[in-house]
4 protein chains.
Amino acid sequence: MKERDQNMEQLILETAERLFMDKGFALTSTTEIAREAGCNQALVHYYFRTKEKLFESIFERKAQLMLSAILKMDDPSQPFEERLRNLVENHFDIMVKNPKLPFLFLNELLTNPKRLEIMTQKFRTIPMTVMERFTDDLQKEIDKGRIRDVTPISILLTVLSLNLTPFIIKPIFQQMTNVSDELFDVMIEERKHENIRILMRSLVP
Amino acid sequence: MKERDQNMEQLILETAERLFMDKGFALTSTTEIAREAGCNQALVHYYFRTKEKLFESIFERKAQLMLSAILKMDDPSQPFEERLRNLVENHFDIMVKNPKLPFLFLNELLTNPKRLEIMTQKFRTIPMTVMERFTDDLQKEIDKGRIRDVTPISILLTVLSLNLTPFIIKPIFQQMTNVSDELFDVMIEERKHENIRILMRSLVP
Amino acid sequence: MKERDQNMEQLILETAERLFMDKGFALTSTTEIAREAGCNQALVHYYFRTKEKLFESIFERKAQLMLSAILKMDDPSQPFEERLRNLVENHFDIMVKNPKLPFLFLNELLTNPKRLEIMTQKFRTIPMTVMERFTDDLQKEIDKGRIRDVTPISILLTVLSLNLTPFIIKPIFQQMTNVSDELFDVMIEERKHENIRILMRSLVP
Amino acid sequence: MKERDQNMEQLILETAERLFMDKGFALTSTTEIAREAGCNQALVHYYFRTKEKLFESIFERKAQLMLSAILKMDDPSQPFEERLRNLVENHFDIMVKNPKLPFLFLNELLTNPKRLEIMTQKFRTIPMTVMERFTDDLQKEIDKGRIRDVTPISILLTVLSLNLTPFIIKPIFQQMTNVSDELFDVMIEERKHENIRILMRSLVP
DNA sequence: TATGAATGAGTCTTCATTCAT
DNA sequence: TATGAATGAAGACTCATTCAT
């Protein structure tokens with residue numbers, strides 16, 4: 001009993017994470033979380049007070065994870081081109097490990113203005129230096145004639161577009177093509193290199 | 001009075017469309033639709049039976065619109081490269097006119113399995129010949145050495161990724177950068193050509 | 001059916017009034033109101049949106065009733081002593097007609113700070129002139145040596161104390177003494193004159 | 001640790017008393033009591049079984065305190081008029097020390113019929129002799145023509161009315177007049193003598 | 001003595017839907 | 001065609017209480 005007891009809070013958290021990932025905040029009810037976790041609905045509120053707080057604790061952890069992953073992936077000792085390659089690859093790998101995260105982020109940020117504002121503040125304060133250095137280094141490459149004249153935001157948008165979309169539309173793609181999870185994983189791995197290739201080609205002067 | 005009466009069904013439809021676009025199916029209530037349309041709540045159900053049916057009639061019309069737009073954009077008389085260029089550009093232009101559609105589609109298809117299944121059946125039956133001809137023509141270009149060896153699905157995924165993402169993340173981007181609607185429209189127009197450029201460069205052998 | 005239908009909103013209101021009077025806002029549940037009114041709980045919210053709004057609509061009406069009764073009871077054409085006599089008597093008579101009102105007011109104003117503030121604003125704005133005239137007239141009587149030197153607030157407090165308390169403690173008194181409703185009514189009528197007597201005697205110089 | 005432990009029961013009791021006084025039985029939750037006492041929520045129930053029992057133990061103690069204070073205040077060796085004066089003054093002084101008690105008593109007795117019944121039984125048994133002696137002595141004074149013909153209950157009601165009301169409406173009065181606590185205390189002290197005066201004047205033949 | 005975990009019952013509220021008119 | 005009334009089901013949340021430890 002003790003093991004179950006000690007696990008219950010964790011179990012609720014995991015169940016909630018799974019359901020929030022699948023259906024988003026609005027479509028997941030605390031009743032359902034409780035049912036799937038095998039406990040009373042009141043217990044969900046006992047541990048997390050409100051559905052909102054429960055969600056935020058999950059959301060924030062995921063945001064932190066993703067943010068730190070992005071921040072630490074940048075290694076200034078390498079040549080710029082190599083760093084870009086790594087950026088795409090590492091970002092893509094994070095998506096591989098958290099395939100449902102992109103949709104969750106999109107869904108909640110687009111659906112709930114309050115959440116968008118909070119997330120914005122979080123993102124705006126932290127990675128400014130990273131962004132500035134990236135901008136500087138890019139400008140140097142452009143000046144040297146090694147990269148086409150392009151804004152940093154444009155590059156980031158390209159990376160985001162190429163890397164996020166496969167994961168976001170995965171369920172739709174699978175439903176439409178009957179591709180198995182295994183085959184999809186193979187295709188995804190290929191896609192990673194394709195994305196690197198597309199980005200690199202897009203930058204040659 | 002009669003004009004209002006005849007218009008009411010249409011007005012409800014338009015109001016519902018706007019609200020569904022803004023907040024999705026789940027977060028839009030029939031009460032709200034009725035209130036914004038300026039009619040009785042029961043009238044919404046009188047015309048459309050259920051919220052689900054009301055949504056489907058809108059969703060289907062939008063899907064049809066988008067599908068037909070995509071289908072008719074392909075003109076076999078032009079050279080393949082030109083056709084691709086047109087594909088990206090036309091698809092992008094449709095997004096410009098319906099900027100909220102991508103997220104609505106994503107959201108509802110990913111959120112509601114039933115909806116995904118229905119939509120799949122609709123998409124699977126119709127455009128097979130188009131897809132097959134595209135595949136054939138692409139293969140010919142590859143054989144002629146004019147295009148790198150790449151699957152048609154890969155190309156479509158690239159187009160989708162590049163074209164959908166700017167519109168989907170628009171609100172997030174604007175919140176984070178304080179970019180005005182006008183400036184964003186300018187950036188979007190530039191992005192269209194950037195996307196064409198990226199795709200074309202990605203296909204050179 | 002139609003009669004019941006048209007009466008339902010009214011019936012809910014009356015039931016709510018009765019229950020709020022008996023047990024106050026907090027101890028009355030919308031479920032109970034619905035049960036006693038013989039309707040679905042949702043209907044209570046259909047007509048009044050929230051429990052709070054339902055209560056306020058009752059509370060405000062009662063406050064208005066009491067306020068207007070107090071305001072219009074003052075007739076400057078009569079001699080001051082006569083007016084005081086009337087004040088006590090009329091105020092007492094209002095209590096006779098709404099015996100549970102004093103407790104409801106006390107309970108909600110003391111229990112809910114928000115309500116107290118709203119009520120304060122309502123009372124502060126309206127009867128200022130009445131209060132000022134009362135103060136003036138009292139001062140004249142004092143100057144003429146017809147009334148002991150006493151503040152208007154002191155007089156009002158005496159009136160309130162004497163007039164409200166019998167009604168507030170009525171249930172306690174009846175439980176303790178087994179006095180019937182009929183006998184109590186007789187005692188109440190006597191008490192009215194007693195209160196007038198006590199006030200008048202308290203004012204002689 | 002032991003001291004804290006031994007104090008805990010007392011601390012809970014004191015915290016509960018304070019909260020019950022402030023907000024009454026219904027609006028005070030055991031969760032809140034525990035939080036403010038700085039202990040586990042279960043501990044409240046460990047010591048007092050139920051919220052009801054906890055309240056009753058407080059309520060009863062307060063009732064006892066007030067009752068005994070009233071009983072012992074009566075000194076038959078003094079002249080009747082002096083005793084009455086003392087009655088009002090002492091009762092008023094008890095209120096000064098427990099200003100929130102009147103409303104708590106009223107609220108709980110009027111709100112909870114069970115509580116009213118229990119309290120009634122308690123009050124009925126004990127002070128009968130006191131009441132009877134008071135009645136006798138009063139009658140003698142009336143017979144001697146020193147006091148107007150008046151029932152003992154009428155006198156008690158007058159005392160209660162005059163003495164309780166200022167304390168009960170204190171928060172309302174302060175909100176409406178912005179009178180500070182200090183000034184209110186001064187006014188209260190004056191009111192005590194005013195009440196004695198009013199009662200005495202009301203009794204002259 | 002003390003507590004963390006757990007629960008059943010109840011709170012207010014919203015919603016899609018139905019039905020008589 | 002249109003609507004006011006009504007409802008069942010579900011939502012999030014709170015609370016007093018119990019129990020094993």
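It should be emphasised that the depicted structure is a prediction, and the values quoted were computed from it without experimental measurement. Lettering follows sequence order; numbering is per chain, from 1.
- Looking at heavy atoms from C-beta onward, C/Phe167 lies out of side-chain contact with C/Phe103 at the 4.5 angstrom threshold.
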| query | Hey, mind stepping through C/Gln41 and C/Thr30 against side chain to side chain donor-acceptor pair (under 3.5 Å) and telling me if it holds? | reply | CA-CA 6 Å; C/Gln41 186 208 10; C/Thr30 56; 3.0 Å; yes
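- Rounded to whole Å, the distance from CG on C/Leu19 to P on E/dT11 is 12 Å.
- Summarising the geometry, the separation between CD1 on D/Ile12 and C1' on E/dA2 is reported as 10 Å, rounded to the nearest angstrom.
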| remark: Annotated structure of DNA chain E as dot-bracket, pair cut-off 3.5 Å, Watson-Crick or G-U only, | for inter-strand, is .||||||||||||||||||||
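- In this structure, B/Asn7 atom CG and F/dT1 atom P are separated by 13 Å, rounded to whole Å.
- Cation-pi check for C/Arg115 over C/Phe25 is met; the charged atom lies under 6.0 angstrom from the ring centroid and within 45 degrees of its normal.
- For an aromatic pair to be called close, the ring centres must be under 6.0 Å apart, and A/Phe59 with A/Phe20 fails this.
- With rounding to the nearest 0.5 Å, the separation of CG in C/Leu67 from CE in C/Met119 is 9.0 Å.
- Atom CG of D/Leu43 is separated from atom P of E/dA5 by 16 Å (rounded to the nearest Å).
- Atom-to-atom, CZ of A/Phe48 to C1' of E/dA5 comes out at 13 Å; the value is rounded to the nearest Å.
- The side-chain heavy atoms of A/Met21 and A/Asn98, taken from C-beta on, include no pair separated by under 4.5 Å.
- Side-chain polar atoms of D/Glu14 and D/Gln10 form a donor-acceptor pair below 3.5 angstrom.
- When the P atom of F/dA6 is taken as reference, atom CD of C/Gln10 falls 13 Å away, rounded to whole Å.
- One atom, CZ of B/Arg35, and another, C1' of F/dT3, lie 18 Å apart when rounded to the nearest Å.
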| query | What string of B, S and - do you get for nucleotides 9-14 of chain F 5' to 3' if you count protein non-hydrogen atoms under 4.0 Å? | reply | --SBBB
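- Between A/Lys114 and A/Glu52, the closest side-chain pair of non-hydrogen atoms falls below 4.5 Å.
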